[in-house]
Structure formats: C-alpha cells, structure tokens
Asks: 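Take this structure first; my questions come after.
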Number of protein chains: 2
Amino acid sequence: MPTQTAAQRRAEARTAYNAYVAECPARALLDRISDKWVSLLLIALAESPQRYSDLSRTVAGVSPKMLTQTLRAMERDGLVARTVTPEVPVRVDYALTALGETLLPVMRAIKTWAETHMPDVAEARTRFDETRP
Amino acid sequence: MPTQTAAQRRAEARTAYNAYVAECPARALLDRISDKWVSLLLIALAESPQRYSDLSRTVAGVSPKMLTQTLRAMERDGLVARTVTPEVPVRVDYALTALGETLLPVMRAIKTWAETHMPDVAEARTRFDETRP
DNA sequence: CAGTATCCACGCTGATACTG
DNA sequence: CAGTATCAGCGTGGATACTG
C-alpha cells in the first residue's frame with residue numbers, strides 16, 4: 001500500500017496548479033480576455049464610449065445579467081470606467097480606461113494570428129476528421 | 001402586443017451571435033488557447049517533445065481523461081503531432097508542429113502584457129473592493 | 001433607463017475503474 | 001504504457017420577472 005494513491009498525488013498536484021494559476025499573470029489574463037463577453041465589450045468600447053442600453057444593442061444577444069456582470073468585472077479590473085450622470089432618468093456611460101486601451105494591441109495580435117493561421121487549423125481538422133471515420 | 005418579445009429578439013440575436021462566433025477566427029482562437037490545459041501543454045511541449053507519461057508529470061494535476069482529450073483536440077487542430085512507435089509496450093510521442101510553434105509568440109505577447117499590466121489590475125481591484133464594502 | 005433577484009438546466013470537469 | 005468508459009457534482013449562463 002503506497003503512502004499516497006495516484007489520486008492523492010493528483011489532488012495535491014492540482015492544488016499546486018491552482019496556486020500556480022492564481023499567481024501566474026498570463027493565465028489570469030487569459031481567463032479574463034477569453035471570457036465570452038469581455039472580448040466583445042472590449043471591441044465595442046474601442047469604437048466609442050457607450051451607454052448601457054447602447055451596449056446591449058451593440059453586443060447583440062447579451063442578457064442584462066451578463067452585461068452588468070461583465071461590465072462590473074471589467075470596471076473592477078480597471079479596464080472600463082463607469083460614469084453616472086444624475087439626470088432623470090439616470091444616464092450611465094461606459095468607456096475604456098487607458099489600461100483597457102493597452103489591451104487592444106494584444107487583441108489585435110490574437111486576431112492577426114487567427115486570420116493568418118485559422119485556415120490551416122480548419123484544414124487540419126478536415127484532414128483529421130476524414131482519416132478517422 | 002409586440003410582434004416579438006424582448007426574449008425572442010435576444011434569442012434571435014444570440015443565434016446570430018453564435019453564428020458570428022463560429023466564423024470569427026479570433027474568438028475561435030481565444031476559445032482554444034484559453035483552455036485550461038491547452039496553454040500548459042503548449043508551454044510544456046515548447047520545451048521539448050514528450051511522451052504521454054512525461055506530460056502527465058510535467059503538467060501536474062491533469063487527469064488522464066483531460067490529458068488525452070486536450071491532446072486529441074490539439075492534434076486535430078494541427079497544433080501537435082502524435083507519433084506512435086510500435087515497441088512493446090507502445091511508445092507515443094507528442095511534439096509541437098510548425099503551426100503549433102507559430103502560436104508561441106502570441107502566448108508571449110499575452111505573457112508580456114500580463115507581466116506589465118497585471119499589477120495595475122491588481123491595484124484597481126483593491127481600490128474597487130475598498131471603496132465598496 | 002439601468003439595473004437586481006431568482007431559479008433552472010446544462011456542460012464540463014474530475015474521480016474512478018478498467019483494458020489492449 | 002497509453003489510454004477508454006462511466007458517472008456524479010458544481011459552476012456558469014440564460015430565462016424571467018421585478019425595481020429605484
């Protein structure tokens with residue numbers, strides 16, 4: 001009987017991995033920008049600052065819950081600025097912060113790779129799927 | 001009574017969004033590389049080609065199921081090459097393809113941004129959390 | 001207008017056990 | 001060694017309804 005089972009060792013390793021992820025900036029960033037709505041909001045706001053209702057139209061298909069939730073998270077991260085104007089009814093504007101803007105080149109790098117190489121990926125997939133039925 | 005309810009309009013928009021995502025190369029790429037294990041395997045294999053069991057050690061905490069599943073997906077996408085050597089017992093080697101290698105600079109760009117700006121994000125979070133209890 | 005609150009369903013991960 | 005098969009649990013997203 002081993003001192004540790006394989007599962008125990010994996011569990012321990014996974015804990016270590018989680019700690020690692022929590023600290024690893026690159027993974028943390030990936031978790032952010034890969035979020036379904038974050039990237040779309042980033043792009044939408046890169047065009048121009050917008051109000052809440054504008055965004056819900058620009059980023060089609062988003063539910064109010066997710067829109068709020070995502071904007072809140074991005075605000076917390078310092079990526080977007082939320083400005084409330086106390087009119088009646090209230091007006092809330094969202095805009096990218098300077099920090100948020102620095103993310104755009106990264107997004108562009110991703111976009112460039114994708115446009116350059118995703119056809120290759122698509123082709124690879126087709127070949128893969130063809131060779132094994 | 002409106003021709004379409006808000007929900008119907010959102011549902012329709014979401015369908016459109018899904019179609020958009022399916023075509024948008026950048027989003028497709030993000031979905032790939034943001035995968036929990038894909039990025040780690042990418043980095044592990046960037047160091048050197050490895051066998052299945054090597055990977056399960058290098059990438060600590062991964063279950064056999066996820067390891068196989070992730071490697072299979074990456075192979076299908078043409079990012080890694082799987083080489084079977086019919087010894088006894090079988091030997092299977094995994095390595096990055098040329099296509100897979102082209103992804104590394106993108107990963108590095110992400111890493112660089114993260115190292116440069118994640119401290120700002122962390123600070124923003126702290127401020128945000130402090131101001132609202 | 002700009003959200004909040006609640007609930008449900010589903011997908012995906014991980015544990016576990018077994019095999020050529 | 002290099003996987004496959006099966007199942008349970010949980011987080012996450014979406015629908016929906018309500019509010020200052």
Side-chain angles (χ1 to χ4, degrees), chain A residues 2 4-18 21 31-32 34-41 49-75 80-95 132, chain B residues 2 4-18 21 31-32 34-38 40-41 49-75 80 82-95 132:
Chain A
Q4 288 188 319
T5 65
Q8 282 174 327
R9 247 176 288 119
R10 261 212 314 282
E12 198 172 291
R14 198 154 53 75
T15 305
Y17 167 76
N18 286 336
V21 162
D31 281 350
R32 286 282 132 214
S34 68
D35 180 281
K36 192 174 175 183
W37 303 112
V38 168
S39 48
L40 291 171
L41 285 175
Q50 294 183 54
R51 303 176 59 171
Y52 184 90
S53 49
D54 293 334
L55 286 171
S56 70
R57 251 169 280 113
T58 308
V59 180
V62 66
S63 70
K65 175 188 169 183
M66 289 316 294
L67 184 52
T68 301
Q69 189 172 304
T70 308
L71 285 170
R72 212 60 95 229
M74 294 173 78
E75 186 195 359
V80 309
R82 178 173 178 271
T83 314
V84 180
T85 311
E87 304 172 342
V88 180
V90 266
R91 175 199 178 90
V92 181
D93 286 277
Y94 291 92
R132 58 207 78 188
Chain B
Q4 287 190 321
T5 64
Q8 282 175 326
R9 249 175 287 117
R10 262 213 313 286
E12 198 172 290
R14 197 154 52 74
T15 303
Y17 166 77
N18 287 335
V21 161
D31 281 348
R32 286 282 132 212
S34 67
D35 180 281
K36 193 174 175 182
W37 301 113
V38 168
L40 292 171
L41 285 175
Q50 296 183 52
R51 303 175 59 172
Y52 185 90
S53 49
D54 293 334
L55 286 172
S56 69
R57 252 170 278 114
T58 308
V59 180
V62 66
S63 70
K65 175 188 167 182
M66 289 316 294
L67 183 53
T68 300
Q69 189 172 303
T70 308
L71 284 169
R72 212 59 96 229
M74 294 173 77
E75 187 196 358
V80 308
R82 179 174 178 270
T83 315
V84 180
T85 312
E87 304 171 343
V88 180
V90 266
R91 174 200 180 91
V92 181
D93 286 277
Y94 290 92
R132 59 207 78 188

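By convention in this document, chain letters (A, B, ...) are assigned in the order of the sequence lines, proteins followed by strands, and residues within each chain are numbered from 1.
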Asks: Counting just side-chain N and O atoms, does A/Arg57 come under 4.0 Å of either OP1 or OP2 of C/dA2?
Replies: no

Asks: Could you tell me how far apart A/Arg82 (CZ) and C/dC1 (C1') are, to the nearest whole angstrom?
Replies: 12 Å

Asks: Would you say a side-chain N or O of A/Tyr52 is under 4.0 Å from OP1 or OP2 of C/dT4?
Replies: no

Asks: What nucleic acid atoms does B/Glu87 come within less than 4.0 Å of, heavy atoms only: base, sugar-phosphate, or nothing?
Replies: nothing

Asks: Using whole Å, what does the distance between atom C1' of nucleotide C/dG3 and atom CD of A/Glu75 come to?
Replies: 13 Å

Asks: Does C/dG14 have its OP1 or OP2 closer than 4.0 Å to a side-chain nitrogen or oxygen of B/Trp37?
Replies: yes

Asks: Rounded to whole Å, how long is the line connecting atom CG of A/Leu67 with atom P of D/dA15?
Replies: 14 Å

Asks: Tell me the partner of D/dT12, counting only Watson-Crick (N1-N3 plus N6-O4 or O6-N4) or G-U wobble (N1-O2 and O6-N3) with both under 3.5 Å; none if nothing fits.
Replies: C/dA9

Asks: Nearest-Å distance, CE (A/Met66) to P (C/dT4)?
Replies: 13 Å

Asks: Quick one: does A/Thr58's side chain get under 4.5 Å of A/Leu40's, heavy atoms only?
Replies: no

Asks: Of A/Pro64 and A/Pro89, whose closest DNA chain C nucleotide lies nearer the 5' terminus?
Replies: A/Pro89

Asks: How close or far is atom P of C/dC1 from atom CG of A/Leu71, stated in whole angstroms?
Replies: 16 Å

Asks: Report yes if some heavy atom in the side chain of B/Trp37 is under 4.5 Å from a heavy atom in the side chain of B/Leu71; otherwise report no.
Replies: no

Asks: What's the NZ-P distance between B/Lys65 and D/dA5, to the nearest Å?
Replies: 12 Å

Asks: Checking base pairs now: Watson-Crick or wobble, both atom distances under 3.5 Å. What partners C/dA15?
Replies: D/dT6

Asks: So, taking the atom named CZ in A/Arg51 and the one named CZ in A/Arg57, what distance separates them when rounded to the nearest 0.5 Å?
Replies: 9.0 Å

Asks: Please tell me which of A/Ser63 and A/Val90 maps to the more 5' nucleotide of DNA chain D, matching each residue to the nucleotide holding its nearest heavy atom.
Replies: A/Ser63

Asks: Could you state the NZ-P distance from A/Lys36 to D/dG14, rounded to the nearest angstrom?
Replies: 4 Å

Asks: Is B/Tyr94 close to B/Leu41 at the side-chain level, that is, under 4.5 Å between some pair of heavy atoms?
Replies: no

Asks: With a 4.0 Å cutoff (strictly under), does any side-chain N or O of B/Arg51 reach OP1 or OP2 of D/dA2?
Replies: yes

Asks: Check this one for me: any side-chain N or O of B/Tyr94 less than 4.0 Å away from OP1 or OP2 of D/dG3?
Replies: yes

Asks: To the nearest Å, give me how far apart CD (B/Gln69) and C1' (C/dG11) are.
Replies: 11 Å

Asks: Is there a side-chain contact between A/Arg82 and A/Arg72, using heavy atoms and a 4.5 Å cut-off?
Replies: yes

Asks: Looking at B/Arg72, does any N or O in its side chain come under 4.0 Å of the phosphate oxygens OP1/OP2 on D/dG3?
Replies: yes

Asks: Using only side-chain N and O atoms of B/Thr68, determine if any of them is under 4.0 Å from OP1 or OP2 of D/dG3.
Replies: no

